[in-house]
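Worksheet: the structure to be examined is printed underneath.
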Amino acid sequence: MTTSLTMDRTSAGASPARVAIADDRAMLKAAADLTRDLVRPDPRIYWADLIVSALVGYGALAAAVMTSSTGWAILAGLVSMLALYRGMSMIHELTHVKHSALPGFRTGWNLLIGVPMMIPSFMYEGVHNLHHARTRYGTSEDPEYLPLALMKPWTLPVFVIVSLLAPIGLLIRFAILAPLSALIRPLREAVVARYSALSINPSFRRRMPTGEERTRWTLWEAVTSVWAIALIGAAATGVLPLKAFVAFVLVGSGVALINQVRTLVAHLWENEGEVMTVTAQYLDSVNVPPPALLPALWAPIGLRYHALHHLLPGVPYHALGEAHRRLSAVLEPGSPYYKANYAGLPGLVSKLTIATLRPR
């Protein structure tokens, strides 16, 4: 999952032509054959994870507001950020899972996380699937891709820092723009096209929803707008203490920041717009498997196996660890599978930073 960013793709400099990477048939066959029994999501895991994440996240946020100790408030705020980030990350699962296999889960997620955090599921559903389209990944038509490794060094800190403004942007989008756009047609077209997707590609424009998608979109947009307006109104009138409102915004900014840092290292961001093979897409993506422990916090819900997810987008997050173990047990040491595995966050950030410093 990604947040909006306005950044010019053309800032990537010219570089030598890249050698096309052919698909590794042995790896792709093994991935398909060894994981056929892992594609069914377990509702017990999904619901337990969602409910616990929400309870811990909002409970810690309340504790941060109520305590008089600055130290405990900071600690509680960090716990709230990590828990709500984990719950928020489940929006990624909503775009891949068959909803008939998890009855009511989309509604539950929207009520517990999507609406309160102002990221209802329609902001990602219908967007993320384009990132996985075989001929769109890494191209100008991919809403979740920018050739960051080929851009100027200053783009990386801007990419991360701009995420801190996400809660303010979402409040404006749902409390102001959504109601006004219901009355002003040209504004509605702009809101749908430019401000209704969790994406990083500034050239991406979303189409108007139709049919069942439009009905679902209208419902959750309306509910989120009511929540956003009520939140601002309660803070403005003193019904909600200013400290609580500020804490909510700060935690939201922290969640967005963690997600943006995770997005920064989800791929190598080295493609200049060419259509890539599945293997090339895999190698441009990142796994941070065990024994590293911290990725469980900054890349939860299976996101530590992001490259593997691009091989097996239909495997639910709770089965990706087992899929990784099975593939690691049978693939030869020379398989490209291992080339997408990295040790941790610092090395990935350094690799990307060094890439932006190369002369072009």
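Worth knowing before you read on, the calculation uses all heavy atoms, side chains too, and leaves out hydrogens, waters and symmetry mates.
Heavy-atom minimum distance, A247 versus V65: CB-CG2, 3.7 Å. Residues L357 and P153 share a closest heavy-atom pair of CD2-CG, 3.5 Å. Summarising the geometry of R86 relative to P300, their closest heavy-atom pair is NH1-CB, 3.4 Å, with the distance given to 0.1 Å. The shortest non-hydrogen separation linking L94 to E125 is O-OE2, 3.5 Å. When every heavy atom of N201 is checked against every heavy atom of S203, the shortest pair comes out as OD1-OG, 2.7 Å. Nearest heavy atoms, P295 versus V288: CG-CG1, 3.4 Å.
Of the possible donor and acceptor atoms, one in the side chain of R206 sits under 3.5 Å from a partner among the backbone N and O of S196. The main-chain N or O of A60 is never found under 3.5 Å from a side-chain atom of S80 such that the two would form a donor-acceptor pair. Checking side-chain atoms of R325 against main-chain N and O of L320 turns up no donor-acceptor pair under 3.5 Å. The main-chain N or O of A182 is never found under 3.5 Å from a side-chain atom of R185 such that the two would form a donor-acceptor pair. Listed for the Q260 side chain is no donor-acceptor partner under 3.5 Å among the backbone atoms of L164. Under a 3.5 Å cut-off, the side chain of R304 and the backbone N or O of A292 do form a donor-acceptor pair. Remark: the backbone N or O of L111 is not paired with any side-chain donor or acceptor of W220 at under 3.5 angstrom. Checking side-chain atoms of D284 against main-chain N and O of A280 turns up no donor-acceptor pair under 3.5 Å. In terms of modelled atom types and a separation under 3.5 Å, the side chain of Y85 and the main chain of W298 share a donor-acceptor contact. N341 places no side-chain N or O within donor-acceptor distance of the main-chain N or O of N287, the cut-off being under 3.5 Å.
V192 and F174 fall within a single hydrophobic cluster, where Ile, Leu, Val, Met, Phe, Trp and Tyr side chains are chained together by heavy-atom contacts under 4.5 Å. Cluster membership check: Y338 shares its hydrophobic cluster with M27, using side-chain heavy-atom separations under 4.5 Å among Ile, Leu, Val, Met, Phe, Trp and Tyr. Hydrophobic clustering (ILVMFWY, side-chain heavy atoms < 4.5 Å, transitive): Y342 and L294 are in one cluster. Follow the hydrophobic side-chain contacts under 4.5 Å out from V127 and you never reach V191; the two are in separate clusters. Linking Ile, Leu, Val, Met, Phe, Trp and Tyr residues whenever their side-chain heavy atoms come within less than 4.5 Å places Y58 and W227 in a single cluster.
For K339 and D24, the salt-bridge test fails: no basic side-chain N is under 4.0 Å from an acidic carboxylate O. The residues E221 and R173 are annotated as salt-bridged, a charged nitrogen and a carboxylate oxygen being separated by less than 4.0 angstrom.
Summarising the geometry, atom CD1 belonging to I176 is positioned 8.5 Å from atom CG belonging to L171; distances are rounded to the nearest 0.5 Å. Rounded to the nearest 0.5 Å, atoms CG (L268) and CG (L348) are 7.5 Å apart. Put simply, OG1 on T353 and CG on L156 are 5.5 Å apart, with the number rounded to the nearest 0.5 Å. With rounding to the nearest 0.5 angstrom, the CZ atom of R194 is 13.5 Å from the CD atom of E189. Atom CG of residue L84 and atom CE of residue M117 lie 5.0 Å apart, to the nearest 0.5 angstrom.
Around the CZ atom of R25, the shell of radius 6.0 Å holds no more than 12 heavy atoms that belong to other residues, nucleotides or ligands. Surrounding CZ of R40 are at most 12 heavy atoms belonging to other residues, nucleotides or ligands under 6.0 Å away.
The closest side-chain heavy-atom distance from L146 to T155 is not below 4.5 Å. Between T139 and Y145 there is no side-chain heavy-atom pair separated by less than 4.5 Å. Side-chain contact between L264 and F159: present, with at least one pair of heavy atoms (C-beta onward) separated by less than 4.5 Å. At a threshold of 4.5 Å between non-hydrogen side-chain atoms, the residues T356 and L148 do not count as touching. Within the 4.5 Å cutoff, the side chain of Y317 has no heavy atoms near those of the L303 side chain. N259 is not listed as a side-chain neighbour of S163, based on a closest heavy-atom distance of 4.5 Å or more. Taking the side chain as every heavy atom from C-beta outward, L352 and V265 never approach each other to under 4.5 Å. Looking only at side-chain heavy atoms (C-beta outward), L50 and E93 stay at 4.5 Å or farther from each other.
With no hydrogens or angles considered, no side-chain donor-acceptor pair links E213 and W217 at under 3.5 Å.
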- Report the C-alpha distance between H318 and Y46 in whole Å, list the side-chain angles of each, state the deciding distance to 0.1 Å, and finish with yes or no for ring-ring contact (aromatic ring centres under 6.0 Å, His included). CA-CA 9 Å; H318 56 73; Y46 274 80; 5.7 Å; yes
- Let me see the working for R214 and M208 under side chain to side chain contact (heavy atoms under 4.5 Å, CB included), right down to the final yes or no. CA-CA 8 Å; R214 180 179 180 178; M208 295 290 288; over 6 Å; no
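Among Y305, Y337, Y137, Y282, the one residue that satisfies the ring pair (Phe, Tyr, Trp, His ring centres under 6.0 Å) test with H310 is Y137. Screening R136, H131, H132, H128 for a side chain to side chain donor-acceptor pair (under 3.5 Å) with E144, the sole residue that qualifies is H128.
Using the six-membered ring where Trp is involved, W269 and H267 have ring planes that are perpendicular, over 60° apart on the 30 and 60° scheme.
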